[in-house]
Amino acid sequence: MAKLKFAKQNDFFQQVYQLVRLIPKGKVTSYGAIAKYLGSAKSSRMVGYAMNNSHVQVPPVPAHRVVNRNGVLTGKHFFAHQHEMQQLLESEGLIIENDQIQNFSDSFWNPSEALQLY
DNA sequence: AAGGTGACAGTTT
DNA sequence: TAAACTGCCACCT
């Protein structure tokens, strides 16, 4: 009885959420890197799409640590307050200017390398 | 059930 | 050089 409705999105989204939760504080990654790590390099758009439900996920997903390939805070508009994403990143020691992360390459966190895929 | 969508990325003009 | 177009694939209505 009582089927669990939230067991629906178990495939891609959950993997994305888990991976995003593994991003260390002060580090950021890109949608493409996540998609590639999950095996679907072409599904980078879907990664961002997954973040739409990130706010209802539990535990919460640090979506602010995910930006696009250019290091631009493209998803800031999806936060409660437009500057929330930037502020969160700044509180983690990152420098953001004109909605773009400075020294992005230096703060980039590559899941494939960090998790040391065998 | 089928079509439309998108918090991207890569290619072309 | 920068801007614009297309591909993409899993989710959503």
Side-chain angles (χ1 to χ4, degrees):
Chain A
M1 322 265 305
K3 284 185 286 189
L4 303 179
K5 290 185 178 181
F6 54 80
K8 185 66 174 177
Q9 36 178 246
N10 228 345
D11 305 335
F12 206 80
F13 280 29
Q14 272 300 333
Q15 291 185 12
V16 173
Y17 299 142
Q18 282 202 14
L19 183 56
V20 173
R21 280 189 283 245
L22 292 179
I23 302 176
K25 182 180 178 181
K27 291 288 184 179
V28 291
T29 190
S30 66
Y31 306 95
I34 297 173
K36 186 176 181 180
Y37 176 80
L38 295 180
S40 302
K42 304 295 184 181
S43 304
S44 50
R45 305 174 87 178
M46 191 44 50
V47 175
Y49 207 98
M51 308 316 281
N52 270 298
N53 291 348
S54 63
H55 65 102
V56 295
Q57 297 303 322
V58 49
V61 179
H64 60 277
R65 293 175 188 160
V66 185
V67 295
N68 71 349
R69 191 189 176 301
N70 299 319
V72 180
L73 280 56
T74 52
K76 70 166 186 176
H77 202 67
F78 278 58
F79 282 75
H81 308 290
Q82 286 193 348
H83 298 281
E84 185 176 343
M85 186 175 184
Q86 176 176 343
Q87 205 159 32
L88 285 170
L89 290 173
E90 287 180 343
S91 67
E92 294 186 356
L94 292 178
I95 301 174
I96 300 167
E97 191 171 320
N98 197 6
D99 294 337
Q100 186 173 7
I101 299 178
Q102 304 302 307
N103 304 327
F104 176 62
S105 305
D106 188 55
S107 302
F108 184 76
W109 183 79
N110 192 328
S112 300
E113 292 182 359
L115 300 180
Q116 293 183 2
L117 209 67
Y118 292 86

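Numbered from 1 within each chain, the chains take letters A, B, ... in sequence-line order. Note that the structure is a prediction, hence the values are computed from the model and not measured.
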Closest-nucleotide mapping onto DNA chain B: is A:Lys42 or A:Met85 further toward the 5' terminus? I mean the 5' end. A:Met85
Measure the distance from CD1 on A:Ile101 to C1' on B:dA7 and round it to the nearest whole Å. 13 Å
On DNA chain C, nearest-nucleotide positions of A:Arg45 versus A:Ser40: which is more 5'? A:Arg45
In whole Å, I'd like the distance from the CE atom of A:Met46 to the P atom of B:dG6. 11 Å
Given atom CG of A:Asn52 and atom P of C:dT13, what is their separation to the nearest angstrom? 11 Å
Looking across every strand, which nucleic acid part, if any, lies under 4.0 Å from A:Ser54 by heavy atom: base, sugar-phosphate, or nothing? base
Can you check the A:Asp11 CG to C:dA10 C1' distance for me, whole Å? 9 Å
Between the base of B:dC8 and the side chain of A:Arg69, is one N or O donor paired with an acceptor at under 3.5 angstrom? no
Using OP1 and OP2 only, check whether a side-chain N or O of A:Asn53 sits under 4.0 Å from C:dC12. yes
Checking C:dC11, B:dC8, B:dA7 against the side chain of A:Phe79 (C-beta onward), the nearest is B:dA7
Looking at A:Asn110 and A:Ser112, would you say the former's side chain and the latter's main chain have a donor-acceptor pair under 3.5 Å? yes
Is the backbone of A:Tyr31 close enough, under 3.5 Å, to the side chain of A:Ser44 for a donor and an acceptor to pair up by distance? no
How close or far is atom P of C:dC9 from atom CZ of A:Phe12, stated in whole angstroms? 11 Å
Would you classify A:Ala63 as touching base, sugar-phosphate or nothing, given that sugar-phosphate means primed atoms plus P, OP1 and OP2, and contacts are heavy atoms under 4.0 Å? base
Are the side chain of A:Gln14 and the backbone N or O of A:Phe12 linked by a donor-acceptor pair below 3.5 Å? no
Euclidean distance, atom CZ of residue A:Phe108 to atom P of B:dC8 [Å, nearest integer]: 15 Å
Would you mind reading off the distance between A:Tyr37 atom OH and B:dC8 atom C1', rounded to a whole angstrom? 20 Å
Side-chain donor/acceptor of A:Tyr49 to base of B:dA7, under 3.5 Å: no
A:Ser44 vs C:dC8: side-chain N/O to OP1/OP2 distance below 4.0 Å: no
Judged by atom type as modelled, is there a donor-acceptor pair below 3.5 Å linking the side chain of A:Arg21 to the main-chain atoms of A:Pro59? yes
Looking only at side-chain N and O atoms, does A:Glu92 offer a donor or acceptor that is under 3.5 Å from a partner on A:His64? yes
Roughly how many Å is it from CD in A:Gln15 to C1' in C:dC9, rounded to a whole number? 14 Å
